[in-house]
Structure formats: C-alpha cells, structure tokens
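Report on the following structure.
Hydrogens, waters and symmetry mates play no part in the numbers below; they use all other heavy atoms, side chains included. The sequence lines fix the lettering, A, B, ..., with proteins before strands; numbering per chain opens at 1.
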Amino acid sequence: MDPQTVYTLSGVSRRYGELAALDNVDLTIHMGEWLSVVGPSGSGKTTLMNILGCMDLPTSGTVLLGQERLDRQGERELAIIRRQRIGLIFQKFHLIKHLTALENIMVAQYYHSIPDEVEARAALDRVGLGERAGHLPRQLSGGEQQRVCVARALINSPSVVLADEPTGNLDEANERIVLDLFRQLHDEGTTLIVVTHDAAVAAQGQRQIILNHGRIARVVETEDYARAFGMSEIGEPR
Amino acid sequence: MPRVRMYLRMITRAFARRISRVLVASLSIIVGATTLSALAIITYTVPEQIARELRSYGANLVVSPAGTQTVRVEDMETINATLAEAGVQLVGYAPYRQDNLLYNQQPLPAMATDFALATVLRPYWSIDGQLPSVAGEVLVGRDLAQRYGFKVGDTISVVAQAEQGVDSEPARLTISGILRTGGTEDAMVLLALADLESLLPSGGRLDMIEYSLLGDEATLESVASTIDREDESVHAQVVKRITRSESGVLLTLRALIWIVSIVIGALTMISVTTTMNAVVSERATELALKKTLGASNGQLVGEFIGEGVILGLFGGLLGAVGGIAVAGLVTQEVFNLNLQASWWVVPVTMTAAALVSGLGTFVTVRRIVGINPAIVLGGE
C-alpha cells in the first residue's frame, strides 16, 4: 500500500433496506490531495462523507484510513479516530449557540486533549476573526461562522479535513474567502475532501469524482493532480 | 486551561446564556422545591404549635400523694425543678386542694387553687363575671349556683368542718363569677388556696398538682418515673387519654405531610425527566456536533448531568425562597402563627433539588447514546 494514501475504499456499499446509497465504490485518496465530490441530490455524496468522517459504517466493503480498518471499528473507536484525525466542516456551520467563537474552537480541543486558549485565538487569527473571538454565533455573519468552523476543524491538526457543502449557505464574497482558506490549507499539505454540488467550488479541487446513484460515474483529474499523484486508470484529464 | 475548567465553563455557559430556556426547564423544579420546602418548614414548625394548641385539652400529668403520704406546696417547687432538669417544656401547672365547707349546714364541695395558674391549664373555663382577684372572692359552679340561687356579687357565709367536729368561725365569701365547665367544677365552689388555708389550716397540704407538658407519651412516662423516684411522697401519673389522642393527631398530621411530600417528589422527578428529555431533543444538533468532534457518550452524559445539577441548584434556590414565603403565609393564615424564616431549608432544598435534577437527567442517557450524528446533522 502506498504510504501516501489517506483513504482506501474497496467495494464499499451502504444500503438502507433495498436502497443503495453507495454501491460498490472503489476509491483511493492521497495525502495532501484536494478532492471534490460532486453529484446530484441523492447521489450518495453525504453518505460517502459520513463514511469517510467515521460517522457511519458501510454495509459491505472495506475502508482504510491510513493502515486502520474503519469498517471494523466500534462507536467508541470511531469517536477516537474522529477526534484525533478528522476535521469536519458543515454547510449549516453547527456552531454551539451559547458558546463564543473562541469557546467553540476550545470545545474541539477539549474533546481532543487539553484546551489551549492561546492556540484557539491563533486559529481564529488565521481565519481573520481574531477580533471576533468573544462573539456568539448569532453575532457573526454566515461567512464568519463558516470561518470559525474552519478554525475549529483545523485546531487539532487533523490528517484530513472533510467539508460538506462548505459554501452552500454563503454569498459570493464569503465563498471566495472560504475557498482562499482551503487553498492555503491545501498549499500547506492538508488533505481536503469537499462535497459540493457547485461546479465552481468543485473545480478548485485537484480531482473531482462525480457520483450518481451511489456509484462513481466519472473522475476528472487536473494536471496538478497527475503531477502530484500520477494519472489514475479511470481518470480523465480536465 | 485544565479540562475541568473547560467543563465548568461549558456547563455554566449553557446555563447562563440560555436563561430563558433554563427558566422554562427549571419551572417544574421550582414548583416542586417550593412545595416541598414549604411542607418541610410546616412539618417541623407547625406540629409544635399544634401540640401547644392541643394542650388546651387540659393536664397530661397529674401528681397526687403516694399512698398515705401528703403532697405539700414545697413539693411543687421540687417537681418543677425536676422537670426543668429533664428539659421538658412546661406549658402550665396548677396546685389543687379539695375539702368540704358548710353553707346553711349543707355540704359545699370546695376546690382551692391558684387561679392565675389554673386558668392557664384550663383555658376552657367559661366564667360569667370575673375571676377572683382579692382575698375572699370565689367562683361558684353553675350547678351549685342553680341549686342555691347564687348570683354574681352575692356574699355567702360558710364554715369549715373542723376535724374534731368543731366548726370554724364563719367566713364571708363574695361570688365574683359563675363557672361553667361541663365538668365536676360545676358543682363546686372554687376559692384561693390562701382562703381555704385560713378556714382550714393544713400546713400547705395539696391533694393534686396538674401539669401540662410538651412531649410524647414516652417522654411523659419517663418524667413521671423520675418524679416518683426523686420524691417518695408523691405519685406522678400520665393522663393517657390525653397523650394518646394528641399523639394520634400529630402522627396523622406528620404522615399526611410525608405522603404529600413523597407524591410531590415523584411528580417533580417525572416532570424533570420529561423536561430533560425535551432538552436533549432540543439540543440534539449540539450533541451530535460534539460527537463528531470526538466526544464520547460518557463525556456528553457527564456534561448533561452537570447542567442538570446546576439547574437543580438554581431551581432549588428559587424554590426554597418561594417555600419560605409560602410556609410563612400558610402558618400565618391557617395556624395564626408568626413563622421565623427557616433559612436552613435553603441548602437542604438546593441539595435535594440538585439530586432530583441530576437523577432526572441520568435517564436521558439512552437518548444521548442514541443520537446518530450522521442523521441529526443532516444527510440524504
């Protein structure tokens, strides 16, 4: 196995009764890659995100995070993997309403290890919200809230950041700010997996996988991707 | 920052910054705590007042001569000292001496006492006229007054039956009041001890001393034994008819209050459980998010119990203050008693409410464990 591989999915399916939300998916995600997952509603994007984010398990197939078999872990072990290795960003932000921006970031530190206010402030500074540390989520704009989420996702230096429709609730200006942040993260070597239905956002990734009816219908790879990881057999150039 | 500080920060922020929700959630605790603390105050203060009220039934301990011995006025002082040493609360006491006088050669049963003391012990005495206030004034029982046609203000001439068969010098007694009791006193003439002593000198002999004491039957029995032991010339006896009915009333009252308290406690627990379940549903997104951040079920349950305890302390504090106010109102309006603020009830109620709330929160564990972040945080 390539040591630079973050995720390796083999024959992964997720069924809800007769319905296959994911159907026999094979996928390899490289360390430092920016992968966009696109597809229409019901195509299996969020199910894939949930499995990659250790929030759900496949009904069949294997999922490796590094060397670790996720599909064999229990709830407790998955929680430990989430806190140590994964940063999550949601479309609806999901900040804790009664905690300030700073405290929302410290909560992630609390569950990971030891809360450190200085580090949490630095994370807010990094997303340009140092001055808003003491504000409650309702006192922040949508874009600001999403930047707090980005800071929260990064605070524990995860191996991979998963973002589910991160710009879905943002205006164009804030979308640009968030994508700029993602670009910085990617340049610093963070593995980014962004689920989106927005073609412009998807185009920011080095590689796009297009899902349809729970299957990977198409893979689009950039030259940048090919340079970094080599062209895959099923990939097509963009 | 230490983890415990962050834990406290999270649960106190959840409390302080959601105050309107907290007030709604703590309403059941406040109502329960108010009722229970009011009942607790009433349980511990009102029965004592009721016990005092019940003392109007009359004496519950009677001291009489042992065998052929004699009880004297000095014995009364000794017994009072014994009671004080035993720590028994004395509501009242009264000495009595009974003899026969002669009125127009007709026997006139007489009872001598200290009127000031006797009226405390026998608050049910009804007098047409006045209590005797000077020497030579007497009360005449209603039956006796009807038989001889006595009226208030009449002066009667009586003699005492001397033991050697020689009558004393006649004494003129003024009737200051007609006594109605429904008891044996209605057929007697009641006069001051000193007046009877002047007619029939006896060296301070008494026939009976009645006591009204605060205490249950066991306490009174113990006191009676002590009196018997310390003064061989007297015999103390508990009036069981009185003590048992008093104990019955107080026991029933306390049992009633306990039953009501248990029912209210159970209802509060159910209410808290329901409220906390609703809070879990309301905050499912937050809980799911924390799970995605890696929180274990144990950590989330710990946070919720912490919030429950704070909620209980808060509801308990408001409830205790409310309870003191309600208890004050009830005791004033129902028992006509001015209650002193029972501040001890505040920490007791807060602790009890924190326990109830903490336990009530514990039942939400299953709901917290059952939260699936993939479903709650939205998906396909």
Side-chain angles (χ1 to χ4, degrees), chain A residues 14 16 19 21 41-51 53-57 75-76 78-88 90-100 103-104 106-118 120 136 149 152-153 155-156 162 164-165 214, chain B residues 1-25 279-280 282-304 306-307 310-311 365-380:
Chain A
R14 179 68 172 98
Y16 299 96
L19 178 76
S41 290
S43 61
K45 299 190 301 288
T46 300
T47 305
L48 178 63
M49 161 96 168
N50 287 340
I51 288 174
C54 299
M55 291 185 284
D56 200 2
L57 291 172
E75 195 186 336
R76 188 183 162 83
L78 289 175
I80 294 169
I81 294 169
R82 275 201 301 273
R83 85 169 68 128
Q84 290 180 342
R85 302 176 69 175
I86 296 168
L88 288 158
F90 304 94
Q91 179 181 4
K92 291 178 185 167
F93 321 136
H94 295 312
L95 291 172
I96 299 170
K97 290 174 190 165
H98 55 266
L99 297 181
T100 62
E103 288 163 345
N104 264 285
M106 290 171 74
V107 167
Q109 292 178 310
Y110 171 77
Y111 293 123
H112 179 266
S113 50
I114 305 286
D116 184 330
E117 196 168 327
V118 176
L136 293 170
C149 289
R152 181 179 65 190
I155 192 67
N156 296 320
L162 291 166
D164 188 4
E165 303 280 6
Chain B
M1 176 187 287
R3 287 174 58 81
V4 67
R5 210 171 127 199
M6 186 64 196
Y7 168 80
L8 291 173
R9 193 165 170 175
M10 285 195 293
I11 62 173
T12 50
R13 296 289 194 269
F15 178 83
R17 292 187 182 143
R18 298 173 54 254
I19 197 71
S20 57
R21 305 298 302 157
V22 164
L23 278 172
V24 172
V279 171
V280 170
E282 185 186 297
R283 293 171 66 188
T285 306
E286 178 192 328
L287 291 164
L289 172 81
K290 286 178 172 175
K291 283 192 175 188
T292 66
L293 295 176
S296 66
N297 287 324
Q299 283 174 311
L300 296 180
V301 169
E303 286 168 29
F304 241 69
E307 286 185 29
I310 291 185
L311 200 69
V365 167
R366 272 183 60 191
R367 290 181 68 89
I368 291 174
V369 170
I371 287 175
N372 183 338
I375 294 171
V376 175
L377 295 182
E380 292 171 34

Report summary line: The interface call for A/Ser113 against chain B, heavy-atom contacts under 4.5 Å, is backbone
**Report entry** Side chain, backbone, both or neither of A/Gln84 within contact of chain B (heavy atoms, under 4.5 Å)
**Finding:** neither
Query raised in the report: With only heavy atoms counted, which part of A/Leu136 is less than 4.5 Å from chain B, the side chain, the backbone, both or neither?
Result: side chain
Query raised in the report: Going through the distances and angles, do B/Glu286 and A/His98 end up as a side chain to side chain contact (heavy atoms under 4.5 Å, CB included)?
Result: CA-CA 10 Å; B/Glu286 178 192 328; A/His98 55 266; 3.2 Å; yes
Report summary line: Scored by heavy-atom pairs under 4.5 Å with chain B, the best of A/Asn156, A/Asp56, A/Ile81, A/Leu88 is A/Leu88
Query raised in the report: Going through the distances and angles, do B/Leu293 and A/Arg152 end up as a side chain to side chain contact (heavy atoms under 4.5 Å, CB included)?
Result: CA-CA 9 Å; B/Leu293 295 176; A/Arg152 181 179 65 190; 4.1 Å; yes
Query raised in the report: Between A/Val107 and B/Met10, what is the shortest heavy-atom contact and its length?
Result: CG2-SD, 3.7 Å
Report task. Taking all heavy atoms of B/Ala295 and all of A/Ala79, pick out the closest pair and write down the distance. Result -> O-CB, 4.3 Å
Query raised in the report: If you look at every heavy atom in B/Arg3 and A/Pro115, which pair is closest and at what distance?
Result: CG-CD, 4.0 Å
**Report entry** Trace of the salt bridge (charged side-chain N to carboxylate O under 4.0 Å, His left out) decision for A/Glu117 with B/Arg9
**Finding:** CA-CA 13 Å; A/Glu117 196 168 327; B/Arg9 193 165 170 175; 3.7 Å; yes
Query raised in the report: Roughly how far, to the nearest 0.5 Å, is the CD1 atom of A/Ile96 from the NZ atom of B/Lys290?
Result: 4.5 Å
Query - CA sep, side-chain torsions, deciding dist, call: A/Lys97, B/Arg18, side chain to side chain contact (heavy atoms under 4.5 Å, CB included) - result: CA-CA 9 Å; A/Lys97 290 174 190 165; B/Arg18 298 173 54 254; over 6 Å; no
Report task. Begin with the C-alpha distance, continue with both residues' side-chain angles, and end with the deciding distance and a verdict on side chain to side chain contact (heavy atoms under 4.5 Å, CB included) for A/Tyr111 and B/Leu300. Result -> CA-CA 10 Å; A/Tyr111 293 123; B/Leu300 296 180; 3.9 Å; yes
Report task. Mind listing the closest non-hydrogen atom pair of A/Met55 and B/Ala374 along with its distance? Result -> O-CB, 3.7 Å
Query raised in the report: How long is the gap from CZ on A/Phe90 to CG on B/Leu289, to the nearest 0.5 Å?
Result: 6.0 Å
Report task. Determine, for B/Arg17 against A/Glu103, whether the closest basic-nitrogen to carboxylate-oxygen distance falls under 4.0 angstrom. Result -> yes
Query raised in the report: For B/Arg5, is it the side chain, the backbone, both or neither that has a heavy atom under 4.5 Å from a heavy atom of chain A?
Result: neither
Requested in this report: Sort A/Tyr110 into side chain, backbone, both or neither according to what part of it lies under 4.5 angstrom from a heavy atom of chain B.
Outcome: both
Query raised in the report: Given that the side chain runs from C-beta out, which part of A/Ile80 has a heavy atom under 4.5 Å from chain B: side chain, backbone, both or neither?
Result: neither
Query raised in the report: With only heavy atoms counted, which part of B/Thr285 is less than 4.5 Å from chain A, the side chain, the backbone, both or neither?
Result: side chain
